[in-house]
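Hydrogens, waters and symmetry mates play no part in the numbers below; they use all other heavy atoms, side chains included.
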Amino acid sequence: MNTGKLTTSQRIWWAIGTIVVLVWALFPVASILATSFKLPSELTLGTFLPRTWTLDNYEQILAPSGAAQDLFLSALRNSVGISLIATAIAVVLATLAAYAIARLDFPGKRIILTTALGVSIFPVISIVTPLFNLWRSIGLYDTWIGLIIPYLSLTLPISIWTLAAFFRQIPWELEQAAQVDGATNWQAFRKAIVPLAAPGVFTTALIAFFIAWNDFVYGISLTSTDAARPVPAALAFFTGASQFESPVGAISAAAIVVTIPVVILVVLFQRQIVSGLTQGAVKG
Amino acid sequence: MAAITLRHIVKQYGDGFPAVNDVSLDIADGEFVILVGPSGCGKSTLLRMIVGLEDITSGDLEIGGRRVNEVAPKDRQLAMVFQNYALYPHLTVFENIAFPLRLRKSEFSEEQIKQKVEAAAATLELGEHLQRKPANLSGGQRQRVAMGRAIVREAEAFLFDEPLSNLDAKLRGQMRTEISRMQRRMGTTTVYVTHDQTEAMTLGDRVAVLRRGVLQQVASPRALYEQPVNLFVAGFIGSPPMNFLPGEVHGNRLRLPFAEVEIPQHIASRLKEGSLVVVGIRPEHFEDASVLEEHRRAQGVTFDVDVDVVEWLGAELYAYVPFSIQGDVARKLEELDRELDGEGMRTQLVAALSADSRVRDGDRAQLWFDPSRLMIFDPETSENLSHNAEAAQEIDRRNEQERRASIERAHQRELQQRGQTVAAS
C-alpha cells in the first residue's frame, strides 16, 4: 500500500538490502544445489556450476540400485514420522496449555511460562550425554519414542509461547457474542473462535515441525541404526562409491531432497503463516 | 419485545463479595433504561446477568413474564452490543450481520437473510460496506455493524454495554442520537450500561443509579437531577457536579461557609439544633450578582468570595472558589469523592455564571443563589432531607407520558413513510 510513496532513493536502498539478504541466505542453497548435479570426479574443480549435469547423486540416494538408498530412504521415513508425531503431540499439548494460560487465571501460570522458557534455553549438548545413558538403560535408545521425547522438549516451549501470545490476542468476547446471537457453546467455539485460532495453531505446527526436522545433535547421539536415525544424522554416514570418492555429491543431493518438503510447506501455507502472524491487527 | 423484571437479584462471587446486591427493577415493554454508576458498581455484571453470560446467585429474572434464570443465552432472544463491538473479524460485514440469522438455518431462506441484512444495513447506512471486513472499518462503522447485528435479530430486547466508550467525542454524540432514534423507531425494550452521565441523561427514559452493587434510585433523568434521594446520586448526576458544603443548624437558619440562609419550613422540623448537615447546590444555581435584575436579586442571598480561576466556555462561565472544611463532613465528602472516581483534589465551589459576567481570575466577586434550590443531606445516612417524593413522582409521571407520546409519534412517522414509499412505487 505504501510502496507508491517511496522515493527513488528509498526504493534503491530497499532493492540493495533485499538483494544482499537474498544472496546471503540463498547462496549456500544454490551452491549445494549445483554440487548435487556434479560428477564425483568434478567435485574438486572449484567451479560453481557443474561442467556436466548428472543425476548420479540422486540415483545413489533414491534409485533401488543406489549405494546410499537404504541409508537415505529409511532415514527419510524416520525423519518424517518422528517429526510429524512430535509436532502433533506438541501442538495438541501446547494448544491446551496456551488456552489455559491465555484464558484462565490459575496459580502457577507464570511458573509454567518461565519453566518452558528455561527448558528451551538449556543447551541441547549438555543434556544429550545423560540422556544417552538413561535411554540405553531403559531401552529407549535407537527408537522413535527415544527421539520424540527430546524433540518435545524443543518444540513444546516455543509452541506454548507462540500460541499463548496468539491466544491472548483473540477477543474472547466473540464467543459470548455468538452465544447471545443464538449459538450453542459448540457453535460459538467452532464459528467464532476456531477460525481465529486456526492460523496461529497452524503457524505453530509448522515452526515445531521445522525444529524437529532440522535437529542434528539428538538425531546422531540417540540412534545407532536405521531403526530411528533421521536424515540430518544419516547424512554423516554417507560414503562414496569407493573409499577414494568423496560422498559430498550424494550428501548435497540428500540435503536438497530434505529441503524440498520445507519449501513446499512454506509456499503452500504462506497465506496462513502470514495471517497467523498478523492476526493481531484485527482488534480495534 | 418484552418487559424485563428483576426481583431481588444478587450476584456473589467466589470470595463472597456481592457485586450486585438485591437489585429489583421493572423495565416496561419498549422502555429505554440506563444502568449507570462509577466503575465497579456492578452495572455491567447486572447486564451480563440479564443476557445470561453471568450466573444469578439468587433472585428472579423474568423476560416477557417467563423466568429465565437458568435459560442459556442463546434461548433468551436478546441482542447485545458489546463495548468493543465483538465483530467476527474473519467474516464480512454482511456475514457479521447475518450471523444470528444463519444460526437459525431452518427459519430463514437465503433470500430472506439477504433482504433482512440489506434492510438493516440501509437504516444504518452500511450499504456500501457490506463486503468489507471489520478490520477495514472505522470505529463508528464497526459500532454500526454491531448495531446491525442486533437489529436483524428482531430480539425481545436490546442490551448495550458501554457501546460508545471507544469512540471519540464527536462520533459519540452522533451515535448517541442514532441509538436514540433507532430505539424510538423500533420501540424495543433497551437496557443500556454506561458510566457517562451525559449518555444516561440524554438517552434514558429512566435511569437506574448503582453504587457498590446496590440500586440507589430509579427515576427519569429529570427526577434524578431535581430530586436525588441521596448524596451519591446528587453528586453523580450533573456536570460539573453538585457543590457540597458543610452547614450548621442554628435555630431556623443554616450557617454555610460563605453565607447564612433560612431553612425551608418543611425541612426545619427534621433538623436538630446545632447539628451539621451537608448542603448541596448545583453550579448553575449560582449567579454573578452584578448581572442580575434587581427583583431576582432580592429573592436570593448574596455573598462575597475570592474567585481563584475562571473558565469561559462561550455559553457560560465557570468560576472556581476554593474553600476548606474540617471534621465529619470533610471525611464524608472525601469518601464520596473517592467513590465517584475523584482524585481527592482540593475542595472548591464551582459556580456556572452567565457568560456576560465580568468576573475574572483572582477577582473578588459577589455571587448570588436562591436558597430554595438548596438540597440538604444528612451526613450520617447520606439521605436527602429535602427530597420531595411527590414532586419526583410527578416528574416521572409526566416523563412516562412523554415517552408514550414520542413512541406513538415515531410509529406514525414510520407508517407515513411506508405509505409514501408504497405510493411512490
Side-chain angles (χ1 to χ4, degrees), chain A residues 1-2 4 95 100 102-109 163 165-204 269-284, chain B residues 14 44 47-48 50-54 71-91 95-105 107-108 133-143 145-146 148-150 152-159 161 166-167:
Chain A
M1 237 189 282
N2 289 327
T95 304
R103 279 201 73 183
L104 309 175
D105 219 7
F106 57 92
K109 193 157 132 176
L163 275 178
F166 185 81
F167 283 175
R168 280 205 193 100
Q169 293 178 338
I170 294 181
W172 296 99
E173 251 182 350
L174 289 182
E175 205 178 44
Q176 298 176 345
Q179 283 175 15
V180 176
D181 280 343
T184 59
N185 284 343
W186 170 243
Q187 277 177 321
F189 181 71
R190 194 168 55 84
K191 297 198 166 177
I193 298 302
V194 170
L196 292 183
V201 173
F202 204 86
T203 313
T204 309
F269 299 111
Q270 200 183 7
R271 285 189 56 178
Q272 275 85 343
I273 296 175
V274 171
S275 69
L277 296 175
T278 56
Q279 195 61 258
V282 157
K283 243 181 155 180
Chain B
S44 280
L47 190 78
R48 292 167 64 82
I50 295 176
V51 80
L53 294 172
E54 204 82 62
V71 176
K74 75 181 179 74
D75 299 320
R76 293 194 188 187
Q77 303 294 341
L78 304 173
M80 180 152 165
V81 174
F82 288 79
Q83 185 171 4
N84 59 5
Y85 322 135
L87 301 180
Y88 309 111
H90 56 292
L91 300 178
E95 286 303 323
N96 259 288
I97 298 177
F99 190 85
L101 303 177
R102 293 220 189 277
L103 286 171
R104 289 175 292 169
K105 273 201 189 84
E107 284 177 48
F108 303 102
K133 290 275 176 73
N136 303 326
L137 301 179
S138 70
Q141 289 166 340
R142 289 181 204 185
Q143 169 67 52
V145 177
R149 201 168 63 190
V152 284
R153 285 286 305 281
E154 284 164 14
E156 303 272 16
F158 291 151
L159 307 175
D161 189 4
N166 283 343
L167 301 179

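Atoms CD and NZ, from Glu95(B) and Lys191(A) in turn, are 10.0 Å apart once rounded to the nearest 0.5 Å.
With hydrogens and angles disregarded, a donor-acceptor distance shorter than 3.5 Å links the side chain of Tyr88(B) to the backbone of Ala178(A).
Ala150(B) pairs by the side-chain contact (heavy atoms from CB on, under 4.5 Å) definition with Ala79(B), Val81(B), Phe158(B), not counting sequence neighbours. With sequence neighbours left out, Gln77(B) forms a side-chain contact (heavy atoms from CB on, under 4.5 Å) with Arg104(B), Arg153(B), Glu156(B).
Proximity to chain B (any heavy atom under 4.5 Å) is shown, for Gln179(A), by both the backbone and the side chain. At a 4.5 Å heavy-atom cutoff, the contact between Phe82(B) and chain A is made by side-chain atoms alone.
Asp181(A) approaches Leu103(B) most closely through the heavy-atom pair O-CD1, 3.6 Å. The shortest heavy-atom contact between Pro89(B) and Leu196(A) is CG-CD2, 3.3 Å.
Contact count against chain B (heavy-atom pairs under 4.5 Å) is highest for Ala183(A) among Ala188(A), Ala192(A), Ala183(A).
The side-chain heavy atoms of Gln176(A) and Arg48(B), taken from C-beta on, include a pair separated by under 4.5 Å.
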